[in-house]
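Reminder, nothing fancy here: chain letters follow the sequence lines and each chain counts from 1. Since the structure is predicted, the reported quantities are computational estimates derived from the model, not experimental observations.
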Amino acid sequence: DAKTTQPTSMDCAEGRAANLPCNHSTISGNEYVYWYRQIHSQGPQYIIHGLKNNETNEMASLIITEDRKSSTLILPHATLRDTAVYYCIVRVPYNNNDMRFGAGTRLTVKP
Amino acid sequence: EAQVTQNPRYLITVTGKKLTVTCSQNMNHEYMSWYRQDPGLGLRQIYYSMNVEVTDKGDVPEGYKVSRKEKRNFPLILESPSPNQTSLYFCASSFATGGLYGYTFGSGTRLTVV
């Protein structure tokens, strides 16, 4: 599975958009980009995934660059409850190898 | 409600006393997995199961056992716990190996071995 690089931490003002970047320059053609988050020692929570097209759901938007070497998770109107560690993972679905969680980005939403 | 249920949420035990952490899911998922999380080391996979009676080692399987006799249950067994197994444990499940649907995680079990 391709490795990912994320900033260690980020801050965001409440009500503003939070843009979390992820670099995955060695991603292969059949690997998807997944995002999870973990709120203070709770179980990680799936947010969104994508292959090459931009994706949006009720939680967030995922923007993947055309060359697929990087992506950005966007929380359009961050709230205090979005304070969490966000993990970007790239992997091939249905692969016997499991997901590997890196260190992630600690997002702090401030009032 | 679709969920992964772990029990207990908190457990303090003594070295060498066998214990089992249970994990159950109600989503008919084929795939289940156990992780441990330690400060500075992130989430590391212990064991996983592709389906009933099919289990395999993850990255840190030493000191742990698992079984998958039913699709919904995937208990984690510590035959002789040691202090270095003090950690926060998570169970997860999904259709196939995560596939296109992502994993559902339990709320965690905080284990302390003294």
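Heavy atoms of B/Q6 lying under 4.5 Å from chain A are absent altogether. Looking at B/L88, the atoms closer than 4.5 Å to chain A (heavy atoms on both sides) all sit in the side chain, from C-beta outward. Only the side chain of B/D59 comes within contact range of chain A, judged by heavy atoms closer than 4.5 Å.
The backbone N or O of A/F101 lies less than 3.5 Å from no partner atom in the side chain of B/Y35, so there is not a single donor-acceptor pair.
Both A/M10 and A/L75 are part of a single hydrophobic cluster, where members link through side-chain heavy atoms under 4.5 Å apart. In the hydrophobic cluster analysis, where Ile, Leu, Val, Met, Phe, Trp and Tyr join through side-chain heavy atoms closer than 4.5 angstrom, B/F95 is grouped apart from B/V4. Cluster annotation: B/V66 is connected to B/V60 through the hydrophobic network of ILVMFWY side chains, with a link wherever side-chain heavy atoms come within less than 4.5 Å. B/L76 and B/L11 end up in the same hydrophobic cluster when Ile, Leu, Val, Met, Phe, Trp and Tyr side chains are linked at under 4.5 Å.
Scanning all heavy atoms of the two residues, the minimum distance from A/Y46 to B/Y103 falls at CB-O, 3.9 Å.
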Report task. For side-chain contact (heavy atoms from CB on, under 4.5 Å), just list the numbers for B/F90 and A/Q38, CA-CA rounded to whole Å, side-chain angles, deciding distance to a tenth of an Å, and then say yes or no. Result -> CA-CA 12 Å; B/F90 291 104; A/Q38 186 176 24; 3.5 Å; yes

Report task. Could you walk me through whether B/R44 and A/R100 pass side-chain contact (heavy atoms from CB on, under 4.5 Å), step by step? Result -> CA-CA 7 Å; B/R44 295 179 292 169; A/R100 296 292 191 274; over 6 Å; no

Report task. Assess whether side-chain contact (heavy atoms from CB on, under 4.5 Å) is satisfied between A/S41 and B/Q37, documenting all intermediate values. Result -> CA-CA 9 Å; A/S41 297; B/Q37 187 170 31; 5.8 Å; no

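Environment of NZ in B/K65: sparse, with no more than 12 heavy atoms of neighbouring residues, nucleotides or ligands closer than 6.0 Å. Within a 6.0 Å radius of CG in A/L51, other residues, nucleotides and ligands contribute more than 12 heavy atoms.
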